[in-house]
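Side-chain atoms are counted along with the backbone in the values below, which use heavy atoms only and exclude waters and symmetry mates. Keep in mind that what you see is a predicted model, and the values were worked out from it rather than measured.
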Amino acid sequence: MHPVLAGRGPTLLAGLRERIQLELVARHDFRSGASVLRFRPVRAALQQGF
């Protein structure tokens, strides 16, 4: 998977040196087989179990 912003341009997460924990918040599948996935960063408190 290569996230892009609005389906154009360079990959959205290119050049990151650290991983970002993301959670899926929405998904839409098209008849063509394409999918739109919406993610948001997981807050630090949730990552640490607080």
Side-chain angles (χ1 to χ4, degrees):
M1 178 182 309
H2 299 282
V4 294
L5 183 60
R8 295 178 186 230
T11 58
L12 182 62
L13 304 176
L16 288 180
R17 295 174 191 230
E18 296 180 20
R19 289 183 181 234
I20 298 173
Q21 294 295 319
L22 301 173
E23 67 177 318
L24 180 65
V25 294
R27 176 180 181 154
H28 180 80
D29 297 316
F30 294 92
R31 287 186 288 170
S32 67
S35 296
V36 173
L37 306 173
R38 290 184 54 210
F39 293 90
R40 69 176 166 212
V42 175
R43 290 193 274 163
L46 294 176
Q47 291 176 3
Q48 296 172 5
F50 295 106

By side chain to side chain donor-acceptor pair (under 3.5 Å), which residues pair with Ser35, not counting sequence neighbours?
Asp29

Once salt bridge (charged side-chain N to carboxylate O under 4.0 Å, His left out) is applied, do any residues pair with Arg31, and if so which ones, sequence neighbours excluded?
none

Please find the pair of heavy atoms, one from Arg38 and one from Leu24, that lie closest to each other, and give the distance.
O-CD1, 3.4 Å

So which atom in Leu37 and which in Arg27 form the shortest heavy-atom distance, rounded to 0.1 Å?
CD2-CG, 3.4 Å

Hey, what else clusters with Phe30 if you join Ile, Leu, Val, Met, Phe, Trp, Tyr whenever side-chain heavy atoms sit under 4.5 Å?
Val36

